[in-house]
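Reviewing the structure listed below.
Note that the structure is predicted; figures quoted are calculated from it, not measured. Nothing fancy with the numbering, it's 1 onward along the sequence. Only this structure's heavy atoms are used, side chains among them; waters, hydrogens and symmetry mates stay out.
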Amino acid sequence: MFYGTAASDGIGIGNVMIIEEHTLSYSPKTVIDPDAESQRYNDAVNAFCENTMAQADALRASTGDKEAEILEGHIQIIKDPYLNGEIEKLIANGTCAESALEQMCDQFITVFSMADDELTKQRASDVRDIKAGMLGILLGVKEIKISDAPKGTVLVAHELTPSMTAGIVKENIVGIVTETGGKTSHSAILARALEIPAVLSVEGAVSSLANGQKVIVDGSEGIVIESPDSEQMEIYTQKRDAFIKERRELEKYKGKETVSASGEVYELFCNIGKPEDAVKAMDFDGEGVGLFRTEFLFMDRDAVPTEDEQFEAYKKAALILKGKPLIIRTLDIGGDKDLPYLGLKKEENPFMGFRAIRYCLKNNDLFKSQIRAILRASAFGDIRIMFPLITTLDELRAGKQLVENIKLELKEANISFDENIKVGVMAETSSAAVIADLLAKEADFFSIGTNDLTGYTMACDRGNSDVSYLYSALQPSVLRLIKNIIECGVKNNIPVGMCGEAAANPMMIPLLISFGLTEFSVSAPSVLKVRKTISQWTKQEADKVAEKVMTFATEQEVTDYLKTII
């Protein structure tokens, strides 16, 4: 039995197919004709981009836009002017294309691998994938054909790259096991999007398992069982069938209100990163969008999007939602989200530094352009504005004042907008939680970001395996802050939502019902499961659970108790 990271729920039972990476070895040679070598390199880049776009289109058809963007990002990286410029310089000095590519990619991999946060480290994986793909083209090595895998296959690989994943025929793959990757890695994201059980970071999986060997993959618990006996097969076959049955039963919750067993009605929204994601939100029966991460509009480009470009994006999302709420979070950059063209200075601790609302309030032109775009788009739907990383009342007031100033400008220009647009706070810092009573008097709504709230409260980086045991929204300290935020909102008659990952956690839901949360915002595939979970609780039952939980002193006690009642 092997243990790893539970990355994608479900039970997979099948036969192993080891994904063996091709040997991409070569003998570096001195180039005699740099122009010809440069042309060979550029031909390889064009072939890589063509292949990758085809893979992205295939991935978009099977999973959606968000997953396809991972591969499209590879095209942006290989076309990066700096990367290509340095490679061309090496070739001009007599270095062969393979060696020039490898030198520069390895530099990028080293830099990204040294980052403190998991998301930046993930870029190293992207560059490794790009390097392998480009070397394969330059050396004439054929691509790995995952698309040829037969039905009932469990893929086992050192690392399942996005380019490999694009070749998956979903109906044929029953499980994924890798030696690397975590819950936020691209392998995990893609496995969840494909709804394939996956266990990642299984040490020695490739060398320990054999082609054709029968295995069980428990993606919910992070367990891989090799050569299972008849008793294990029976137990896990029943678990698999129960999981599949539950997934099918969720369909009956489509088109229904999100309501508790005692009749309380809730709003169940989705989190999106681009306008097109609103389509997926509606397809999964979301009741609106609780978080539009606008920073994605600013990424993978070399200049700030214009006001009109932003306006069209926000308008598009609003029209797709057809009058359902659209909460737009203003630009949240800094921390793990760097935009090179903005020239953000290097900081020792970027997560505690010049980011989000702090950056926007000091860069008035950029912030003003975004607020104008949001206000203009508000004429086309129920749009609301949300400020990220609020830590003081002054920040909220400054943001609201800018909104009011731009309203006056739009009125003078005779441009339509929602004059009663709501302005809220992303409650994701310990400070915001502590002064929630003050913020609630001046905000139109709260939305709790549990990811950052947990990280800041517990002083731990979710991407750091050494302290990951601390990263849980079920920590008593985090629960107390969540409870305080919600109660302050309720007391001041403003709605309180939650857009962090905890909003979809079945163990957290009865607590949120008891505390008084009014809106859940989750990933699109989680909508029906959350709706079902909410429907199973009465307010009275939830209150009893919360009362008990709030007496516990440790996260382990909280978790152990909740596991007995979920």
_Run the side chain to side chain contact (heavy atoms under 4.5 Å, CB included) test against I235 and tell me which residues pass, sequence neighbours left out._
E231, K239
*Salt bridge present between D332 and R293 (N-O < 4.0 angstrom)*: no
*Determine the minimum heavy-atom distance between L71 and T52, stating which atoms define it.*
O-CG2, 3.3 Å
*Working to the nearest 0.5 Å, report the span between CE of M507 and CD1 of I566.*
7.5 Å
*Cut-off 3.5 Å, side chains only: do T551 and E547 have a donor facing an acceptor?*
no
_Please check: side-chain N/O of E428 versus main-chain N/O of L453, any donor-acceptor pairing under 3.5 Å?_
no
*Please determine, by modelled atom types, if R192 and S8 share a side-chain donor-acceptor pair under 3.5 angstrom.*
no
_Nearest 0.5 angstrom please: M282 CE to D277 CG, how far?_
11.5 Å
*Residues two or more places apart in sequence or in another chain: which of them pass side-chain hydrogen bond (donor to acceptor under 3.5 Å, both in side chains) with T538?*
E541
*Y471 side chain near V478 side chain, heavy-atom distance below 4.5 Å*: no
_Under a 3.5 Å threshold, yes or no: a donor from one side chain and an acceptor from the other, between T153 and N172?_
no
*Side chains of E557 and T559: donor-acceptor distance under 3.5 Å anywhere?*
no
*Under a 4.5 Å cut-off applied to non-hydrogen side-chain atoms, are D9 and F243 in contact?*
yes
*Taking atom types as modelled, find out whether S125 and E159 have a side-chain donor-acceptor pair closer than 3.5 angstrom.*
yes
*Spatial distance of atom CD1 (I385) from atom CZ (F445) [nearest 0.5 Å]*: 8.5 Å
*Return the minimal non-hydrogen interatomic distance between P197 and G12, and the atom names on each side.*
CG-N, 3.8 Å
*Could you grab the distance from atom CG of L321 to atom NZ of K316, nearest 0.5 Å is fine?*
12.5 Å
*Could you pull out the closest heavy-atom pair between T294 and R329, with the gap in Å?*
OG1-O, 2.7 Å
*Does NZ or CZ of K315 lie under 6.0 Å from the centre of the six-membered ring of F380, at an angle within 45° of the ring axis?*
yes
*W537 and S260: which non-hydrogen atoms are nearest, and at how many Å?*
O-CB, 3.2 Å
*Look only at the side chain of S201 and the backbone of G4, and say whether a donor-acceptor pair between them is shorter than 3.5 Å.*
no
*Any idea which heavy atoms bring L528 and L250 closest together, and the distance?*
CD1-O, 3.5 Å
Can you give me every donor-acceptor pair (side chain of residues 485-498, partner residue at least two apart or in another chain, under 3.5 Å) with its distance?
| from | atom 1 | to | atom 2 | distance (Å) |
| --- | --- | --- | --- | --- |
| E487 | OE2 | K483 | NZ | 2.6 |
| N492 | ND2 | C488 | O | 2.9 |

*asked:* If we check side chain to side chain contact (heavy atoms under 4.5 Å, CB included) with I509, which of these qualifies: N505, I513, L511?
replied: I513
*Short question: side chain of R531, backbone of D285 - any donor-acceptor pair under 3.5 Å?*
yes
*asked:* Using modelled atom types and a 3.5 Å cut-off, is there a donor and acceptor pairing between side-chain atoms of D452 and backbone atoms of L389?
replied: no
*Who are the side chain to side chain contact (heavy atoms under 4.5 Å, CB included) partners of S472, not counting sequence neighbours?*
L474, Q475, E555
*So, T429 side chain and T391 main chain: donor-acceptor pair closer than 3.5 Å or not?*
no
*asked:* Using modelled atom types and a 3.5 Å cut-off, is there a donor and acceptor pairing between side-chain atoms of K245 and backbone atoms of R240?
replied: no
*asked:* For the CZ atom of F417 and the CD1 atom of I371, what is their distance to the nearest 0.5 Å?
replied: 12.5 Å
*Between T454 and T457, do the side chains contain an N or O donor and an N or O acceptor separated by less than 3.5 Å?*
no
_If I compare all heavy atoms of E442 with all of K400, which pair ends up nearest, and what's the gap?_
O-NZ, 2.6 Å
*Check whether the ring centres of Y561 and F552 lie less than 6.0 Å apart, and answer yes or no.*
yes
_Counting only heavy atoms not in K422 (residues, nucleotides, ligands), do more than 12 fall under 6.0 Å from its NZ?_
no
Can you list, pair by pair, the side-chain donor-acceptor contacts under 3.5 Å of residues 218-225, counting residues two or more places apart and other chains?
| from | atom 1 | to | atom 2 | distance (Å) |
| --- | --- | --- | --- | --- |
| D218 | OD1 | S220 | N | 3.0 |
| D218 | OD1 | E221 | N | 3.1 |
| S220 | OG | G10 | N | 3.1 |

_Suppose the criterion is side-chain hydrogen bond (donor to acceptor under 3.5 Å, both in side chains): which pairs have a residue in residues 375-385, not counting sequence neighbours?_
E307-R376, D308-R376, D382-R384
_Interatomic distance, I173 atom CD1 to I196 atom CD1 [nearest 0.5 angstrom]_ = 6.5 Å
*Would the number of heavy atoms belonging to other residues, nucleotides or ligands and lying under 6.0 Å from CD of E246 be above 12?*
yes
*Do other residues, nucleotides or ligands put more than 12 heavy atoms under 6.0 Å from Q540 CD?*
yes
*asked:* Tell me if a side-chain donor or acceptor on Q370 pairs with a main-chain N or O of L331 at a distance below 3.5 Å.
replied: yes
